[in-house]
Amino acid sequence: MDFLDQLNPSQREAVTYTEGASLIVAGAGSGKTRVLTYRIAYLLQQGVPASRIMALTFTNKAAREMKERIRNLSPTLPSREGGRSLQEAYRYLMMGTFHSVCTRLLRPHAEVLGYTRDFTIYDTADSKSLIKAICKERGLDDKIYKPGAVQSRISMAKNSGIPPREYGSNQQLLREDREQRMYEFAIIYELYQARLIAANAMDFDDLLINMIRLMDASEEVCRRYQEQFKYILVDEYQDTNYIQFLLVKKLAEPQNNICVVGDDAQSIYSFRGADIRNILNFQRVYPNARLFKLERNYRSTQTIVNAANSLIHKNSHQIEKTVYSEKETGEPLNLQAYMDDRTEALGIATRIQRMRHKGYNAFAVLYRTNAQSRVIEGELRKLNIPYRIYGGTSFYQRKEIKDALGYLRLSVNKRDNEALLRIVGFPGRGIGETTMKKVSTNAIEHHRCYLDVMREPDDTGLDVSAATKKKLQAFALMIDQFSDQSEEMDAFRFAEMVLRTSGVMTALALDRSTEGIDRAQNVQELLNAIHEFVEQRQNEGIDYTPITDFLSEVSLLTDQDENLADTTERVTLMTVHAAKGLEFPVVFIAGMEENLFPSQFAVKPSEIEEERRLLYVAITRAMEQCFLSYARQRFRNGSFTFASPSRFLNDIERKYFEVETSRSSTTSRSSITSLTSSSSFSSFSSLSSAPSTPVSGATSEIASSVWKAGDRVAHRVFGEGTVVRVYRDEVTENDKIEINFDTQGTKTLLLTHAKLERA
DNA sequence: TGTCTCATTTTTTTT
DNA sequence: AAATGAGACA
């Protein structure tokens with residue numbers, strides 16, 4: 001049986017057209033991954049060696065899954081290659097995220113660019129802390145130079161291919177900086193880059209940029225890679241940025257066997273520099289490119305596909321396509337209004353419970369921001385519904401894990417100053433901020449790394465006491481010893497030795513609090529992960545795995561990459577971004593409110609359009625049913641905010657929603673305009689019409705009156721309570737009050753958002 | 001130095 | 001709510 005039979009005609013065409021450039025525009029659920037997988041399998045069948053194929057995916061998980069599918073496909077392929085069996089071929093595919101593939105290709109040639117092979121990868125936290133330090137050194141106000149903002153601007157510059165030098169002569173950019181009062185931005189950018197290089201470190205963007213620089217710098221390397229990768233495939237092309245575009249273009253030369261797959265309607269990463277023009281202009285860059293459209297959706301019911309289409313058509317420029325489904329009509333979308341975020345979470349949890357016969361894996365609750373997961377989590381737990389949260393602070397972001405990794409990083413790359421700063425204070429060894437400040441100053445002045453200064457404090461004339469010197473030298477000695485052994489042991493044995501010798505393990509074991517025990521367990525967990533990593537490589541025939549290999553993998557892990565082993569039935573909770581590429585029978589989309597979805601930061605039309613695409617992605621994750629909901633009041637940043645329904649709700653054609661049944665019904669099935677609340681607080685009659693402004697007449701009346709501790713208060717959400725603390729006698733709108741509730745303990749409320757009544 | 005407390009600020013999505 | 005920062009204190 002020919003495996004191509006399993007494809008529909010348009011899929012098959014896209015799979016078998018292998019020479020030259022092709023653009024596959026793949027609507028949501030149209031079997032995009034399938035096409036990519038089969039295309040690679042087809043190439044293998046045609047006798048193309050696996051090592052000549054490069055496939056760039058959006059997550060490592062996607063790469064892994066694709067490899068697995070290719071492996072399962074390959075037995076059915078007739079082997080044209082006598083020697084190596086096709087079943088094994090998948091191992092030699094160059095497959096992964098842009099960042100991980102670049103790291104792999106970059107390491108052996110890092111010297112060309114002035115790095116060593118052991119360069120470390122700075123994650124967002126490292127970069128941010130470096131930026132902070134630079135701003136502080138220069139005495140800049142971090143109210144104006146917000147580390148986060150500076151970082152994303154640097155990233156933008158990098159992703160647009162503008163190095164520090166060019167930045168300083170770009171009038172347009174400088175003007176923008178002046179408007180932001182960031183007169184020294186160009187200098188910060190330059191210093192930042194210099195410090196990265198000095199630390200033998202690359203940030204995420206550097207991995208891509210340096211890959212291009214490498215190919216520019218070495219004709220030989222360039223040709224070698226171009227010859228090696230005869231076929232290049234890029235998944236999720238709509239979310240690639242300018243640098244990625246350049247990189248792929250360069251790698252594919254001169255034969256240009258390049259195949260990109262994507263859906264402009266699902267471009268949701270512009271904040272990360274993704275440029276939708278890459279996919280829109282593909283045919284202009286490659287005039288001979290064949291265009292394939294996959295328009296049949298195999299995932300969702302007709303209603304879901306049509307509803308999503310009606311939404312996305314509100315956007316301007318798109319590649320013309322008609323996504324359709326031939327599955328059953330299916331159930332209408334459901335829209336539910338709730339009084340507040342907790343009621344919303346409870347509503348979702350209750351619905352899941354009612355439908356639990358489908359199995360918990362059938363459900364996903366999607367939201368715009370990670371912060372929304374808390375409430376939902378809480379209500380699910382109350383109803384004993386098992387769930388799994390993706391994103392948020394992942395395992396590798398935990399402090400103790402970052403500390404542990406810091407030791408490993410520094411041992412491998414002694415110039416990794418950010419790692420050093422992390423770990424020098426843990427476990428405590430009497431080296432504090434003041435000392436490190438001096439170390440840092442001297443290091444920068446003498447163009448040495450921190451560890452050098454600590455090892456030889458006299459070389460730079462470090463002004464510290466003899467006792468401190470001793471401590472610094474002891475630390476340096478320890479790291480040097482680790483470093484000497486880093487290539488003598490495999491990753492696991494090395495990590496174990498370092499974490500024991502350094503005192504990290506002992507320090508954690510000393511803390512007998514619940515959190516302390518957790519932390520110790522987490523570090524043990526890290527060791528297990530390293531062990532697993534080494535074993536896995538052994539199975540792949542690599543018998544020596546140094547710690548460097550592990551380190552470069554962990555820093556590039558994505559959110560979806562975690563939690564493979566756990567197969568128990570659970571509801572999935574994640575942001576819409578994280579849900580990209582996934583599907584679930586039943587999808588809940590929570591928080592359909594203005595200033596949340598679309599985000600409060602989306603103001604420009606293009607930004608609103610991106611948010612709309614984001615909702616499109618969310619809806620098209622659903623196979624059978626889609627529930628949308630919003631809350632009128634939401635606890636955000638420590639206080640209550642009022643919310644109005646998302647404008648996007650009006651962008652979805654009304655006819656796809658469940659129609660309102662009867663006005664008097666207790667459970668509210670509602671159309672968009674007459675949303676009735678299903679809350680148990682209906683006794684507050686004033687509630688049914690949600691006020692659009694937070695300050696009502698009642699509030700100002702309260703604001704002008706005098707409240708004392710012990711006065712009673714009624715809050716519209718929580719019911720009755722007692723004021724236990726008033727910060728001042730004279731209460732004004734922005735004052736805080738603390739309210740004691742019998743069920744939920746104490747809450748602090750901003751008076752502006754609390755409706756108070758004298759009880 | 002290191003730790004604790006109090007106060008202020010923050011806002012998204014992630015390789 | 002959570003995270004960060006400043007300041008007091010041992």
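Proteins come first, then strands; the chains are lettered A, B, ... in the order of their sequence lines, and each starts at number 1.
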Item checked: Closest-nucleotide 5' rank along DNA chain B - winner of A:G432 and A:H99 -> A:G432
Item checked: Residue whose nearest DNA chain B nucleotide is more 5′ - A:G425 or A:L614 -> A:G425
Next item on the list: Quick one: label A:I431 by what it contacts on the DNA or RNA (base, sugar-phosphate, nothing), any heavy atom closer than 4.0 Å.
Entry: sugar-phosphate
Checklist line | Touch class at under 4.0 angstrom, heavy-atom based, for A:S555 against every strand present | finding: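 If one applies the 4.0 Å heavy-atom cut-off, A:S555 turns out to touch nothing in the nucleic acid.
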How many Å lie between [atom1] on [X] and [atom2] on [N], as a whole number?
X	N	atom1	atom2	answer
A:D206	B:dT15	CG	C1'	13 Å
A:Y122	B:dT15	OH	P	21 Å
A:F204	B:dT15	CZ	C1'	6 Å
A:L615	B:dT13	CG	P	17 Å
A:R272	B:dT13	CZ	C1'	9 Å
A:Q244	B:dT14	CD	C1'	12 Å
A:Q372	B:dT13	CD	P	9 Å
A:R368	B:dT11	CZ	C1'	12 Å

At under 4.0 Å, does any side-chain N or O of [X] touch on OP1 or OP2 of [N]?
X	N	answer
A:R374	C:dA2	yes
A:N241	B:dT15	no
A:T369	B:dT11	no

What's the closest nucleotide to the side chain of [X] if the choices are [options]?
X	options	answer
A:Q600	B:dT11, C:dA1, B:dT14	B:dT11
A:S599	B:dT15, C:dA1, B:dT12	B:dT12
A:K132	C:dG5, B:dT13, B:dT15	C:dG5

Around [X], counting heavy atoms of other residues, nucleotides and ligands shown, do more than 12 lie under 6.0 Å from its [atom1]?
X	atom1	result
A:F271	CZ	yes
A:R374	CZ	no
A:K146	NZ	no
A:R107	CZ	yes
A:K438	NZ	yes

Note to self: Tell me whether A:Y269 and B:dT14 count as stacked here, given that the ring centres must be under 5.5 Å apart and the planes must differ by less than 30 degrees.
What the structure shows: no
Which atom pairs link the protein and nucleotides 7-9 of chain C when you take only N or O atoms and keep those under 3.5 Å?
none

Notebook entry, point to check: Is any NZ, NE, NH1 or NH2 atom of the basic residue among A:D651 and A:K314 found under 4.0 Å from an Asp or Glu carboxylate oxygen of the other?
Noted result: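 A salt bridge is absent here (no side-chain N lies under 4.0 Å from a carboxylate O).
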Next item on the list: Inspect the contact between A:D340 and A:R342 and indicate whether a charged nitrogen and a carboxylate oxygen are less than 4.0 angstrom apart.
Entry: no
Check: Distance between the C1' atoms of B:dT12 and C:dG5, in whole angstroms?
Finding: 23 Å
Notebook entry, point to check: Parallel, tilted or perpendicular: which describes the rings of A:Y269 and A:H577, with under 30° parallel and over 60° perpendicular?
Noted result: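 Correct class here is perpendicular.
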Check: Quick one: the side chain of A:N637 and the base of B:dT10, do they pair up donor-acceptor inside 3.5 Å?
Finding: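 No, the side chain and the base share no sub-3.5 Å donor-acceptor pair.
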